[in-house]
Undergrad: 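Below are the structure tokens for one structure; questions will follow.
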Amino acid sequence: MGNTFLNLALLIIFHFSMPTFSMKLTTILTDQSALLALKDHVIHDPENVLTTNWSASAPVCNWFGVSCGSKHRRVTALNLTGLGLVGTLPPHLGNLSFLSLLYVRNNSFYGGLPVQLSNLRRLKYLNFGNNSFSGEIPSWLGSLTELRRLFLGQNNFKGVIPFSLGYLSKLEFLYLFGNQISGSIPSTIFNISSLQEIYLSYNMLSGSIPSVPRDLLLLEVIDFTSNNLTGHIPKDMFDHLPNLKGLYWSLNLLSGRIPASLFKCKELQMLSLSYNQMEGSLPIEIGNLSMLQYIYIGRNHFEGEIPKQIVNLTLLMAFDCSHSNFTGIIPQEIGNLKNLNWLNLAFNNIAGSIPPQVFNISTLRTISLDTNQLSGHLPSNMGLFLPNMEQLYLDFNHLVGSIPMYISNASQLTHLDMSSNYFSGSIPDNLGNLRNLKILNLASNNLTSSGMSFLFSLTNCRVLENFLFGSNQFISSELPRVVGNLSSSLELFSAYSCNIRGSIPSEIGNLSHLINIVLGGNQFIG
């Protein structure tokens, strides 16, 4: 009797172990079949990677882009990044049940995402970026609860962001940028406490920015650039984002003031709010954000003065508050920002003189102060301490005095615009030292020149493309023949409304790339 029960028990154990035994024999074949189905769905393999490497005669785990686990010898990772593959994803990929990483970014896969991929419950890293996938972002992605990274950027996805993505409680990186996604941002997104970066830029998202209901201690980057987001920024939003480093919200339709809670984000390095409809002043608390490196708040409706507390931002490299309604003066303290390489205060109503300290910041590459109400003289040593300066825009102000001779020391200059001011005195004869100059605009001033000697120097500027010095009525000599020796790249030569006399030299015909020549309002003869 005892032997009968023992035999029966052994039979039962053997019976139920058979499927497991059989499965162990065939699982790697299941993976192989899934990958060969992918190979069959690829219609173009420019590097012949799959053609030459993926063969049933070789072990799957040795195939290019395939990794297997050491324990079960199942396919755990598939990385086909940047192979130029064209094709679709077959449903068979859903049979890769041990897969934790699936990367096919930088290819040309198209079509929708097969629902069978929802079977990949071990998946942690999914990157379909920079392909041509289309259709809606599937809601079943919310069932892949092990996901840490979800990259779907730079595709052709449409529709809305699924509410179910908020169920991905372990998600760290969410990249959906560069698609055609519409609708509002699901409030559930900010329930994911593990989030570190969220990129939803360059879509067609609308509605308001959802509030943050809980502390997100790991969240460092929020990028909503170039959407159609409207409304005010939630007042208490930044109370829950103590470690935020990058805020990219430019090119939207946001309105209202900058919330005071923003200035609690002591780790903030990038503040980008340009091209919105923000209003109010720039609070003095901006000086509390000592880690800030970039401030882009131009093209808004801000008003008031630029706070002098900006001097506390010693790491600042770019400051752009152009095309707003700022008034007052340029704080002298701005000259203490020794890491600054981009300063754009253009198109405001800023008055007073330009602090000389600005021209002592040796790291500066671009200064745009044009279209303001600035007055006074430029410092005589301007240019001595600008070894990296490439673009200098001072046009459409009320600046007076002479053009500093030392401007020629800023040898990296490519764009110099001092037009529409009240500069007087001679045009410096050493501008030819600016060998990289492409644009030179000195028009609409009160400048003079003896025999247009500045033209002789400018023949050294061999990449000069646009040269304008018209509407300087005190320039009254003849146009010298050396004009024909100016840069062969010159496309625009404008000397209108001066008092240039004599004949137009035939050598001007040497300027073979000239497109526009403006000489009206002079006293030419012949």
Side-chain angles (χ1 to χ4, degrees), residues 342 344 346 365-368 370-371 383 386-396 403-405 407-421 423 426-445 447-526:
W342 175 281
N344 189 354
R365 295 183 181 277
T366 297
I367 297 178
S368 295
D370 53 289
T371 319
L386 297 173
N388 298 299
M389 180 63 59
E390 296 175 0
Q391 299 179 334
L392 177 59
Y393 302 99
L394 302 176
D395 47 300
F396 288 95
I403 297 175
M405 291 288 293
I407 188 67
S408 63
N409 284 49
S411 58
Q412 299 302 313
L413 267 176
T414 62
H415 294 66
L416 176 59
D417 195 335
M418 308 179 76
S419 63
S420 299
N421 281 283
F423 288 116
S426 295
I427 297 176
D429 288 340
N430 59 357
L431 292 179
N433 294 338
L434 303 174
R435 302 297 175 91
N436 297 308
L437 207 57
K438 293 182 178 180
I439 310 293
L440 176 59
N441 191 350
L442 305 176
S444 299
N445 281 288
L447 296 167
T448 63
S449 177
S450 175
M452 291 197 196
S453 54
F454 60 88
L455 285 176
F456 291 85
S457 175
L458 288 174
T459 59
N460 295 317
C461 302
R462 303 315 301 169
V463 294
L464 190 64
E465 297 175 359
N466 293 350
F467 179 34
L468 305 89
F469 63 95
S471 195
N472 281 283
Q473 297 183 7
F474 298 110
I475 296 178
S476 58
S477 60
E478 294 186 1
L479 190 61
R481 293 180 177 180
V482 74
V483 69
N485 294 335
L486 290 174
S487 165
S488 60
S489 302
L490 197 67
E491 297 178 352
L492 170 60
F493 182 81
S494 177
Y496 68 93
S497 296
C498 296
N499 279 304
I500 306 173
R501 58 184 185 273
S503 60
I504 299 174
S506 60
E507 286 81 1
I508 205 166
N510 296 339
L511 305 176
S512 57
H513 284 84
L514 205 60
I515 297 172
N516 293 320
I517 180 169
V518 187
L519 299 176
N522 284 287
Q523 300 180 34
F524 287 113
I525 58 174

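All values derive from a computational prediction rather than experimental measurement.
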Undergrad: Taking the side chain as C-beta and beyond, is there a heavy-atom pair between H513 and S489 under 4.5 Å?
TA: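 Side-chain contact under 4.5 Å: no.
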Undergrad: Do I367 and Q391 have side chains that approach each other closer than 4.5 Å (heavy atoms only, starting at C-beta)?
TA: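 No, side chains not in contact.
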Undergrad: Could I get the full list of side chain to side chain donor-acceptor pair (under 3.5 Å) partners for S420, not counting sequence neighbours?
TA: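 With sequence neighbours excluded, S420 shows a side chain to side chain donor-acceptor pair (under 3.5 Å) to no residue whatsoever.
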Undergrad: Test side-chain hydrogen bond (donor to acceptor under 3.5 Å, both in side chains) on S419 and D395; report intermediate values, then the result.
TA: CA-CA 5 Å; S419 63; D395 47 300; 4.6 Å; no
Undergrad: List the atom of L434, the atom of L416, and the distance in Å for their closest heavy-atom pair.
TA: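 Residues L434 and L416, closest heavy atoms: CD1-CD2, 4.4 Å.
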Undergrad: Where do M405 and N430 come nearest, in terms of heavy atoms and distance?
TA: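 Heavy-atom minimum between the residues: O-ND2, 3.1 Å.
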Undergrad: Looking only at non-hydrogen atoms, find the nearest pair between G383 and N409 and report the distance.
TA: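 G383 and N409 have their closest heavy atoms at O-CB, 3.4 Å.
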Undergrad: Where do L442 and L431 come nearest, in terms of heavy atoms and distance?
TA: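 That closest heavy-atom pairing would be CD1-CD1, 4.3 Å.
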Undergrad: Passes side-chain contact (heavy atoms from CB on, under 4.5 Å), L492 versus I515? Steps please.
TA: CA-CA 6 Å; L492 170 60; I515 297 172; over 6 Å; no
Undergrad: Angle between ring planes, F467 versus F454, binned at 30° and 60°: parallel, tilted or perpendicular?
TA: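 Perpendicular, since the angle between the ring planes exceeds 60°.
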Undergrad: Pair up each side-chain donor or acceptor in residues 457-465 with any protein partner under 3.5 Å, not counting sequence neighbours, and list the distances.
TA:
from, atom 1, to, atom 2, distance (Å)
S457, OG, D429, O, 2.9
S457, OG, G432, N, 2.7
T459, OG1, F456, O, 2.6
N460, ND2, S457, O, 3.2
R462, NH1, T459, O, 2.6
R462, NH1, N485, O, 2.8

Undergrad: Going by side chain to side chain donor-acceptor pair (under 3.5 Å), name the residues that satisfy it together with E491, two or more places apart in sequence or in a different chain.
TA: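 By the side chain to side chain donor-acceptor pair (under 3.5 Å) rule, E491 matches no residue at all.
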Undergrad: Quick check for you: to the nearest 0.5 Å, what is the distance between I504 atom CD1 and R481 atom CZ?
TA: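 Answer rounded to 0.5 Å: 14.0 Å.
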Undergrad: If we only count heavy atoms from C-beta on, is the N472 to F474 side-chain gap below 4.5 Å?
TA: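 No - every pair of side-chain heavy atoms lies 4.5 Å or more apart.
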Undergrad: If you measure from CG on L514 to OG on S488, what distance do you get to the nearest 0.5 Å?
TA: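 Taking CG in L514 and OG in S488, the distance rounds to 11.5 Å.
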Undergrad: Test side-chain contact (heavy atoms from CB on, under 4.5 Å) on I427 and T448 and set out the steps.
TA: CA-CA 6 Å; I427 297 176; T448 63; over 6 Å; no
Undergrad: Taking the side chain as every heavy atom from C-beta outward, state whether V518 and F493 have any pair of such atoms under 4.5 Å apart.
TA: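 No. Closest side-chain heavy atoms not under 4.5 Å.
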Undergrad: To the nearest 0.5 Å, tell me how far M418 CE sits from F396 CZ.
TA: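 With rounding to 0.5 Å, CE (M418) is 14.5 Å from CZ (F396).
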Undergrad: Hey, are the side chains of M452 and I475 touching, using non-hydrogen atoms and a 4.5 Å cut-off?
TA: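 A side-chain contact exists here, since the closest heavy-atom pair is under 4.5 Å.
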Undergrad: Strictly under 6.0 Å, is that where the ring centroids of Y496 and F469 end up?
TA: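 Ring centroids of Y496 and F469 are no less than 6.0 Å from each other.
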Undergrad: Between atom CG of L386 and atom CD1 of I407, what is the distance when rounded to the nearest 0.5 Å?
TA: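 Here the rounded value is 7.0 Å.
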Undergrad: With a 3.5 Å distance limit and no angle check, can you tell me whether N433 reaches the backbone of R435 through a side-chain donor-acceptor pair?
TA: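 It does not hold such a pair.
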Undergrad: Is there a side-chain contact between L519 and F524 in this structure, where contact means two heavy atoms from C-beta onward sitting under 4.5 Å apart?
TA: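 They are in contact (side-chain heavy atoms under 4.5 Å apart), so the answer is yes.
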Undergrad: Could you grab the distance from atom OH of Y393 to atom NE2 of H415, nearest 0.5 Å is fine?
TA: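 These two atoms lie 4.5 Å from each other.
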Undergrad: Could you tell me which non-hydrogen atom of C498 sits nearest to which non-hydrogen atom of G470, and how far apart they are?
TA: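 For C498 versus G470, the nearest heavy atoms are SG-CA, 4.0 Å.
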Undergrad: What's the spacing between S426 OG and L447 CG if we round to 0.5 Å?
TA: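 Spacing of OG (S426) from CG (L447) equals 8.5 Å.
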Undergrad: When you measure from the side chain of N499 to the backbone of Q473, do you find a donor-acceptor pair of N or O atoms at a distance under 3.5 Å?
TA: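 Judged by distance alone, yes, a pair lies under 3.5 Å.
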Undergrad: Taking all heavy atoms of A443 and all of N441, pick out the closest pair and write down the distance.
TA: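 Closest heavy-atom pair between A443 and N441: N-OD1, 3.1 Å.
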Undergrad: Quick one: are L455 and L486 in side-chain contact, heavy atoms under 4.5 Å?
TA: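 Heavy-atom side-chain distance check passes, below 4.5 Å.
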Undergrad: Hey, does L413 have a side-chain heavy atom less than 4.5 Å from the side chain of L392?
TA: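 A side-chain contact exists here, since the closest heavy-atom pair is under 4.5 Å.
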